[in-house]
Amino acid sequence: MNSTFMGIEIGKKGLLAHQQALHVTGHNISNAANEEYSRQRVVITASDPLYVPALNRANQPGNIGQGSEVAIIERIRDEFIDDRIMVEKQAFGYWKARNDFIYQIEMVYNEPSEQSIRSRLDALWQGFQELSKYPEERSTREVVKEKAIALANEVKYVYGKLYELQKQANRQIGHTVAQINEYAQTIRDLNERILKAEALGDNPNDLKDKRDALIEKLSQLVNINVSRTDKDELIVYIGSENLVQGEVFRPLVAIEDPEKDGMFTVLWKQTLTNVNINSGELAGLISIRDGVLKQNINDVNAFAINLTDLINEVHRDGFGKNNQTNNNFFKHIAVSDNVEGNFDLNNDGIYDVTALFKISGNNKVDASAAIGITGTLTFVKNNAMEQEIRINYYATDTLLDVIKRVNDAKIGIVGYINHNSQLAFKATIAEDTNKKNFIIRHLEDSGQLLVGYAGILKESGPQGAFDYRRVDDIRKIIASREHITITPMFNPASYMDIDETIKYDIDSIAAAKGKDVGGTGDVNTSNGVGDGSNALAMAALKHKHAMIDSNATFNDFYTSLISRIGAQGEEAKDRIASQETLLKNLYNLRQSVSGINLDEEMAHMVQFQHGYNASARVIAMIDRMLETIIKLGQGV
């Protein structure tokens, strides 16, 4: 039998339910400006009725209602939209990191302007041109000297700024790893608090909002995906490995890697294994540091060493106004003081390689004539595998055919015919480590092309092969020492400068060519102060395809470098604009589901207010009824 006071209980439940609903509505309104907040909704359901089926139940109509109660406070959230935003923010973070640095790289090159490498290089070519016309004038020599110094300083400036950007990207990688760990630790802590709250039957909506906001921030930093299949354990993955699993957090660590010149490598802290990073700001920073910036630094180094080498090659054959010859125009600092090219590559205090940058043959050759011999050239590719590459040559080939075959193979060594009609080989940028940049790794000939024909190697076959992995292997080379250039010190762009001889005596600038006097077989006498033919030969280098691995002139190589970074910048800007539009649409979609509509909340507030007032009226009415009954019992 239902209680006499059952009506009051029903009214009380109505009061409590609508009061709770008003509290939630107020909570929604107060968080209307909170972008991390998800709208909450009170679900009011009917309480269990009287009576349940039983043999001893009262003999009266059953299932009498007992009012209402709050079943749950729902958090209105669409996980599909959240996952889509998470994926797109990873792409946004990647392109944002790239765009920020590419913009700074463009500022370093400062193109187009009068203060740039290209304008300085053009001025040097013009200086050589003027010197060829007026070699006896001190003013033209002074101009060449100053233009060369200006070019060298610009190259050093660009290198220094690029290197600093690379260091900055590396520092940001370390900072980003720390930020990832901080977010992940907080997510783990929230997982623990949420699990405890849910174990007590609560629904911690606000804690879940905080967790989802952190996951979204984390997704912009690194490629994550989230598993929610286990209601008791949210898992955050990077690649296929878990960063956070419920109450367990596996931190990342950024460790300085000696193989990367002390740059950070990102590893799992517990296992020291590599982290699969392919998106987000962290991936963008790594791609900038190890891709874009490394490539630009290598290109500037290649530009500097090739310009230095070719101008020096021509300059050494000329004569200065003071009759000096065999002087470098630009400074060349060898990687080793050892005259044999022996070098300690692994820094253990013992020579372990022979580091040679360029070798020119002793013999003059006709590059367009058939070589008339057959054999196989063997090289070692400039990567970590160092696999052998064999290139055949045939009697009907010209030397130009063989050179093209070698250069097309992209093996880290390029061939060309120098200004003295000699076959020359020089090393390029290494694919494995910067320490091996500009090192010829292997030269071998089964026939006579590099031996008797070009005059590079002493002997054919494996026994006569040059290999950089052996000390004192320069002895395998028959070319005279003036035709051999030892590998330059690391990062030649960082110390590019004119030679000390030129800096302090401009009369040493070799504007004139020479002649053989006395039949010695060597050029030993200057053509005279008025001869500018050697300066003209240096000016002509402007049009020579000197950057052989790119088949480009110095100017074309530099222009392509600027064009490439410009294209990369445009791509990054376009991708960011696309991602911003996509994310804006997804945010709007999420707001339509989870956002606060103040008009709607005000309507709910009025609705719940009326419900609360009506419940109070029910209690008041029941109170009056009970008062009437009580008075009847008292005979009033």
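Side-chain atoms are counted along with the backbone in the values below, which use heavy atoms only and exclude waters and symmetry mates.
Taking R441 as the reference, E386, D432 meet the salt bridge (charged side-chain N to carboxylate O under 4.0 Å, His left out) condition, with sequence neighbours excluded. In this view, D317 satisfies the salt bridge (charged side-chain N to carboxylate O under 4.0 Å, His left out) rule with no residue, not counting sequence neighbours. Legend: residues meeting salt bridge (charged side-chain N to carboxylate O under 4.0 Å, His left out) with E130, ordered by chain and number and at least two apart, are K133.
In this structure, the side chains of K156 and S494 stay at 4.5 Å or more apart for every pair of heavy atoms.
The residues D472 and R475 are annotated as not salt-bridged, no charged nitrogen and carboxylate oxygen being separated by less than 4.0 angstrom. Salt bridge present: R564 and D299 bring a charged side-chain N and a carboxylate O closer than 4.0 Å. With respect to E571 and K573, no salt bridge is recorded, no charged nitrogen being found less than 4.0 Å from a carboxylate O. K161 and E164 are not joined by a salt bridge, as no carboxylate oxygen comes within less than 4.0 angstrom of a charged side-chain nitrogen. Ion pairing between E313 and K358 holds under the 4.0 Å rule for side-chain N and carboxylate O. Checked for salt-bridge contact, R405 and D397 meet the test: a charged N lies under 4.0 Å from a carboxylate O.
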Exercise for review: Could you check Y453 against I371 for side chain to side chain contact (heavy atoms under 4.5 Å, CB included), going step by step and ending with a plain yes or no?
Suggested key: CA-CA 8 Å; Y453 190 86; I371 56 179; 3.8 Å; yes
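Between K294 atom NZ and S287 atom OG the span is 13.5 Å, to the nearest 0.5 Å.
Pairs passing the salt bridge (Lys or Arg N to Asp or Glu O under 4.0 Å) check and including a residue from residues 526-545, sequence neighbours excluded, do not occur. Screening residues 334-351 for salt bridge (Lys or Arg N to Asp or Glu O under 4.0 Å) gives E340-R481 as the qualifying pairs, with residues at least two apart or on separate chains.
A side-chain donor-acceptor contact under 3.5 Å links N296 and Y109.
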Less than 3.5 Å apart, which donor and acceptor atoms pair up between the side chains of residues 534-541 and the rest of the protein, not counting sequence neighbours?
from	atom 1	to	atom 2	distance (Å)
N534	ND2	V314	O	3.3
N534	ND2	A510	O	2.8

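A side-chain donor-acceptor contact under 3.5 Å links T325 to the backbone of G318.
Atom CD of E256 sits in a sparse spot, with 12 or fewer heavy atoms from other residues, nucleotides or ligands closer than 6.0 Å. Heavy-atom contacts from other residues, nucleotides or ligands closer than 6.0 Å to NZ of K503 number more than 12.
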